[in-house]
Amino acid sequence: MTTYENTERKRLESALHHFAALQSALARLSLRALRSADVQGMMDDLVQTVADVLRVDFVKVLELQPDGQGFLLRAGVGWQPGLVGRLVIGAGSESQAGYTLISDEPVVVADLASETRFHGPELLLEHGVVSGVSVIIRGSERPFGVLGVHTKRQRRFTEDEVHFLQTAAALLGQAIERMRAERALRESEEHYRTLVELSPAGVIVHIDGRVVFANPAAASILGANSPSDLVGRSVLEFVSEEWVPVIQERWRLLASGKRVPPLEEQMRRLDGGYVDVEVMAAPLTFEEQAAIQIIFNDISARKQREREREAMAAVARALGEGLDLETLLQNLLAAAIHAVPAAEKGTILLAADDELHIRAISGYQDPRILWARFPVNEGYSALAFRERRPLIISDAVGNDDIRYEGEIEEMSSVQSAVVAPLLVQGEAIGVIALDNASRKAAFGEDDLAMLMAYASTAALVIERARLFEELKRTNEELRRSLQTREDMLRTVTHELRTPLTLVHGYAELIESGMIQSPERMHMAVRTILRQAKHLQHLIDQLLFFHQLRRRKLDMRPFPARRWLEALASDWASVLQEAGLTLEARIELDTENICGHEDYLTQVVNNLLSNARKFSPQGGKVWLEARKEGEDILISVRDEGIGIPADELDNIFEQFYQVDSGANRRFKGMGIGLALAKEIVEKHGGRIWAESKGPGQGAMVSFTLPLTEQDECVAMETQED
């Protein structure tokens, strides 16, 4: 290899590393811009990042003053102490910043001394500036100011570096606009409507496909003279024919309460032309009617940029959509496919339980693909995951080691692919795979480099979203725990107050001597004793429930049929006294249950007691048991008040009351079913409830495993 070739190779490698550094810096700035609420902190971070990545002597953010006559040095790197935050320079065409504003495009200076377009301002001359670049920081109505970099030695800035500065300035401008908008939104809903009117993004609200509101930006983008020209028209008038089915499907999903990801499409203008737009849609209530809000931005200029920059910016956009993981994954995948021209479809797989789960798909139609699972030793995605390195798969069909052998035809048709692992601190959390079903060797090294850079940033965003969802789950569990404590205090207080009131009342009457006759005295004492016994029962129930989890159960085999028939006999008379009929169907023979008979008796007693409490006079209660597989299934069914469908799982929680509140009809602390659940699960069974709804009765069933005697001894439960 010649010296020239070595030099050229090193130059290309250096350029590639520099480009990657620029993209990485933009990705970090994008994330900061989206989550920061501190404008000054964002500026300070940006100027330092720009100085580091471009290796320049000076960086400045100049804020255009309200009168438009000067710039305030708002943030900077390299300037003399005391200037940042205080120095104001002119905004006329004689300065580089002023000239940048007037020219409305990047201004590149090779040698300030020989510059003829403007005069070198004092700030630059005093600091010995030779070369530099200035770009506009744009706002929605007027420029925020100018971002500039300068060097003391002559330097030629590349096109990529100029684009980097433009993108950094755009991110800063967008962050400033977002922070201002968020502050304004918090002030009032009316102010929000004003912001919509002034927003650079088009906003349309439609009801059943008919436009009922449009802002000026929407009118401008769609070629209307005013928003009123759009109101009353069908939204489909502005949709390209090929996009109509897609748009209608998105409306259907929104109407069913599902979210839809952002969409890039072409919209038809009133003059017959087309404009590239990015569209976001969400349901809302407009003038007390269900409507859909469409927000769209003209991205015609952005479409001309390099796909690599679009993909990196898309990471930030995906994060901006919120921390819903599924939406985030779909957005990230769509951006990656858009960034790699050869990609026709793709998937994102996340690791879980020693498998890779497909969590996002694009371009695939078979619904079985989403959430499909793969071992970590099968396929090209698993190979990239195991080896933690990106891969180009030139022939996905001809290679036996990575070929898909499953039943899904769409996945078998993939001819070539490019794959990158999603790495967080060196650990793989998943894989992003882009596929081509039309030809082999569809992807090259440029595609691989692009996907590598993209995956490194996407992995951090995905991990952040996963951690956020885990935090939400933890917070919900904590909330439910606190609610349970509140329910317990409320229920226990309610249940203890009535008997205590009776005991206290009769005791005061006895003490005051107001009860004279032996009969009334006898009745008062009986009431006090009865209520005291009830109080003791409530306290015993509470203590028993809270000690049960730590208690060791003495598991012994006993005949199921004899046990249940004895219970049925005892309860038949009890229910008869309450005006109810018990029908027992014990379809068992010689089967044995392994368990603690007293505790299991309490389960059945609790269920029959509930049936008695919630059944009407003259009703019927069923106690049924039969063998089902390796279990015994026991059910208690009634014709009582029933259970709402959304309460069926909740009734087994501690202190939960379907009939809650101060005026509830049915007494009790709400621990009977929770106690039953604890006992059944300690015996290796499960318990559940069924009901057709209020007033249609309910059935509670539980299973107990059939176990041989020697196995029963081994099953004896231990203390937690």
Check whether [X] reaches the backbone of [Y] with its side chain - one donor and one acceptor, N or O, closer than 3.5 Å.
| X | Y | result |
| --- | --- | --- |
| Arg439 | Gln415 | no |
| Arg686 | Thr703 | no |
| Ser256 | Leu253 | yes |
| Ser240 | Gln266 | yes |
| Arg138 | Gln174 | no |
| Asp447 | Val340 | no |
| Ser234 | Leu236 | yes |
| Gln330 | Ile361 | yes |
| Thr167 | His163 | yes |
| Asp366 | Arg368 | yes |

Give a yes or no on this: more than 12 heavy atoms of other residues, nucleotides or ligands lie within 6.0 Å of atom [atom1] of [X].
| X | atom1 | answer |
| --- | --- | --- |
| Glu242 | CD | yes |
| Lys345 | NZ | yes |
| Asp38 | CG | yes |
| Asn377 | CG | yes |

Walk me through it: do Ile247 and Val279 pass the test side chain to side chain contact (heavy atoms under 4.5 Å, CB included)? CA-CA 10 Å; Ile247 298 302; Val279 179; over 6 Å; no
Which heavy-atom pair separates [X] from [Y] by the least distance, and what is that distance?
| X | Y | value |
| --- | --- | --- |
| Pro705 | Gly685 | CD-N, 4.3 Å |
| Pro106 | Val135 | CB-CG1, 3.8 Å |
| Val203 | Phe296 | N-CE2, 4.2 Å |
| Ala459 | Val424 | O-CG2, 3.7 Å |
| Leu29 | Ala168 | CD1-CB, 4.4 Å |
| Asn215 | Ser199 | ND2-O, 3.9 Å |

Ring-plane angle category for Tyr404 and Phe374, please: parallel below 30°, perpendicular beyond 60°, tilted otherwise.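 Correct class here is perpendicular.
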Quick one: [atom1] on [X] to [atom2] on [Y], what's the gap to the nearest 0.5 Å?
| X | Y | atom1 | atom2 | value |
| --- | --- | --- | --- | --- |
| Asp160 | Leu165 | CG | CG | 11.5 Å |
| Leu222 | Asp298 | CG | CG | 9.5 Å |
| Ile348 | Ser381 | CD1 | OG | 11.0 Å |
| Asn331 | Glu326 | CG | CD | 11.5 Å |
| Ser362 | Leu332 | OG | CG | 12.0 Å |
| Asn297 | Glu264 | CG | CD | 10.5 Å |

Heavy-atom side-chain proximity of [X] to [Y] below 4.5 angstrom:
| X | Y | answer |
| --- | --- | --- |
| Arg268 | Glu241 | yes |
| Met280 | Pro262 | yes |
| Tyr380 | Asn399 | no |
| Leu350 | His357 | no |
| Val39 | Leu172 | no |
| Leu54 | Leu22 | yes |

Salt bridge or not between Arg155 and Glu161? Use side-chain N to carboxylate O under 4.0 Å.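 Looking at Arg155 and Glu161, the cut-off is met.
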Check step by step if side chain to side chain contact (heavy atoms under 4.5 Å, CB included) holds for Val56 and Val133. CA-CA 11 Å; Val56 294; Val133 181; over 6 Å; no
Tell me, which pairs form a salt bridge (charged side-chain N to carboxylate O under 4.0 Å, His left out) where one or both residues lie in residues 416-430, sequence neighbours left out?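 Every pair satisfying salt bridge (charged side-chain N to carboxylate O under 4.0 Å, His left out) with a residue in residues 416-430: Arg388-Glu427.
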Do Glu177 and Ser140 meet the criterion of a side-chain donor-acceptor pair at a distance under 3.5 Å?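 Indeed, the side chains of Glu177 and Ser140 share at least one donor-acceptor pair under 3.5 Å.
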As a quick check of understanding, evaluate side-chain hydrogen bond (donor to acceptor under 3.5 Å, both in side chains) for Tyr364 and Asp435, giving each step before the final call. CA-CA 10 Å; Tyr364 286 100; Asp435 306 326; 2.6 Å; yes
Phe443 and Leu451: side chain to side chain contact (heavy atoms under 4.5 Å, CB included), yes or no, with the steps? CA-CA 11 Å; Phe443 302 95; Leu451 191 59; over 6 Å; no
Given the rule in the side chain to side chain contact (heavy atoms under 4.5 Å, CB included) test, do Phe385 and Leu349 qualify, once you have shown the distances and angles that lead to the verdict? CA-CA 10 Å; Phe385 176 81; Leu349 302 90; over 6 Å; no
Please output the side-chain donor-acceptor pairs of residues 42-53 that fall under 3.5 Å, not counting sequence neighbours, one pair per line with the distance.
{"unit_1": "Asp44", "atom_1": "OD1", "unit_2": "Gln40", "atom_2": "NE2", "d": "3.0"}
{"unit_1": "Asp45", "atom_1": "OD1", "unit_2": "Arg28", "atom_2": "NH2", "d": "3.2"}
{"unit_1": "Asp45", "atom_1": "OD2", "unit_2": "Arg28", "atom_2": "NH1", "d": "3.3"}
{"unit_1": "Asp45", "atom_1": "OD2", "unit_2": "Arg32", "atom_2": "NH1", "d": "3.3"}
{"unit_1": "Gln48", "atom_1": "NE2", "unit_2": "Asp52", "atom_2": "OD1", "d": "3.1"}
{"unit_1": "Thr49", "atom_1": "OG1", "unit_2": "Arg28", "atom_2": "NH2", "d": "2.4"}
{"unit_1": "Thr49", "atom_1": "OG1", "unit_2": "Asp45", "atom_2": "O", "d": "2.8"}

